[in-house]
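Reviewing the structure listed below.
This is a predicted model, so every value here is computed, not measured. Note on naming: letters A, B, ... go to the chains in the order of the sequence lines (proteins, then strands), and numbering restarts at 1 for each one.
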2 protein chains.
Amino acid sequence: MEDKTCHGVEVAIDAMAGKWKPIILFHLMENKVMRFNELKRSIPNITQKMLTSQLRELEYHHIVHRKVYPQVPPKVEYSLTDYGQSIIPILKSMQKWGTSHFEHLNKNDKEQARE
Amino acid sequence: MEDKTCHGVEVAIDAMAGKWKPIILFHLMENKVMRFNELKRSIPNITQKMLTSQLRELEYHHIVHRKVYPQVPPKVEYSLTDYGQSIIPILKSMQKWGTSHFEHLNKNDKEQARE
DNA sequence: CAGAATCCGGTACGATACTG
DNA sequence: CAGTATCGTACCGGATTCTG
């Protein structure tokens, strides 16, 4: 919050903070609509607790929409809000960069013992 | 690491993880070359420890270049590597999104008591 | 000036149950 | 199926002091 110039960046960080949010968003971006367990299956290492909390935070930021079907057994669908769609460019550029970065890292670390 | 599709995203997250990295990068993006204390002054709330550790991690990822002038008093300059420049689009899109998101949030939260 | 070295607390995250 | 409710821990990040 110190100065204006990077305020936007901080806000974005805040909205996407959390180990799993970008991954969740990425899956929602690809599949449009996903149920809770469907998401969970797509992200094997995540716990229910984490998936729930991260989704709730994304909901708070109006990035993800949570649609509950009042029935038994429960059915809940998650999707990007119209507004949340606007975050896609960030995800895309992250993915693009990440992929090339991964190769870049491998190149340089090939002979370096790391840890 | 579970599946390929979002691997890039995870890598990007990993490289930018940390409370201050995007902010540091943002400043380096704007000012090209900055000395340690110059960076510190630009980010009032950061501690030396954090600034140091975050810079070291960015260095490890070959995003930031650290140039040491062997002299007394010490002089160290930080800058984006050629490769690190490639991360700029992410920062730009984050800033752009963050700014509009901030307004978006304010609109919706105007009457909601939040914490 | 640019850090290294300690110490320390909060919390983000994980593991494991339990439930409507 | 889609969650809550506890509990425990690692570690991230802050405050402070010391140094070449």
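- Considering all non-hydrogen atoms of both residues, A:Leu58 and A:Ala15 come closest at CD2-O, 4.1 Å.
- Of the side-chain N and O atoms in A:Arg66, one or more sit less than 4.0 angstrom from OP1 or OP2 of D:dG3.
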> Which parts of nucleotides 6-20 of chain D does protein reach within less than 4.0 Å, heavy atoms only, written one letter per nucleotide 5' to 3' as B for base, S for sugar-phosphate only and - for none?
Replying inline: BB-----BBB----B

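- Distance, A:Gln71 CD to D:dC1 P: 12 Å, rounded to whole Å.
- A donor-acceptor contact shorter than 3.5 Å is absent between the side chain of A:Thr81 and the backbone of A:His65.
- Here the side chains of A:Ile87 and A:Leu91 are in contact, with some heavy-atom distance below 4.5 Å.
- Taking every nucleotide of DNA chain C with any atom under 4.0 Å from a non-hydrogen atom of chain B, the first and last of them, 5' to 3', are C:dC1 to C:dC7.
- Between A:Tyr69 atom OH and D:dG3 atom C1' there is a gap of 18 Å when expressed in whole angstrom units.
- Looking at residues two or more places apart in sequence or on another chain, you find a side chain to side chain contact (heavy atoms under 4.5 Å, CB included) between A:Ala12 and B:Met94, B:Trp97.
- Within the helix from C:dC1-D:dG20 to C:dG20-D:dC1, the inter-axis angle between the opening and closing five-pair segments is 50°, rounded to 10°.
- Qualifying side chain to side chain donor-acceptor pair (under 3.5 Å) partners for B:Lys21, counting only residues two or more places apart in sequence or in other chains: B:Glu57.
- Below 30°, between 30° and 60°, or above 60°: for A:Tyr83 and B:His101 the angle between ring planes is below 30°, a parallel geometry.
- Partners of B:Asn37 by side chain to side chain contact (heavy atoms under 4.5 Å, CB included), not counting sequence neighbours, listed by chain and number: B:Lys40, B:Arg41.
- As judged by a 4.0 angstrom heavy-atom cut-off over every strand, B:Tyr78 is placed among residues touching the sugar-phosphate backbone only.
- Under the rule for a salt bridge (Lys or Arg N to Asp or Glu O under 4.0 Å), the partners of A:Glu59 that lie at least two apart in sequence or sit in another chain are A:Arg56.
- Residue pairs meeting the salt bridge (Lys or Arg N to Asp or Glu O under 4.0 Å) criterion with at least one member in residues 84-99 of chain B: none, sequence neighbours excluded.
- Take B:Lys75 and apply the side chain to side chain contact (heavy atoms under 4.5 Å, CB included) test, not counting sequence neighbours, and it matches B:Arg35, B:Tyr69, B:Gln71, B:Glu77.
- Dashed line: the shortest gap from a side-chain N or O of A:Arg56 to OP1 or OP2 of D:dA2 is not under 4.0 Å.
- Residues passing the side chain to side chain contact (heavy atoms under 4.5 Å, CB included) test with B:Val68, sequence neighbours excluded: B:Arg66, B:Val76.
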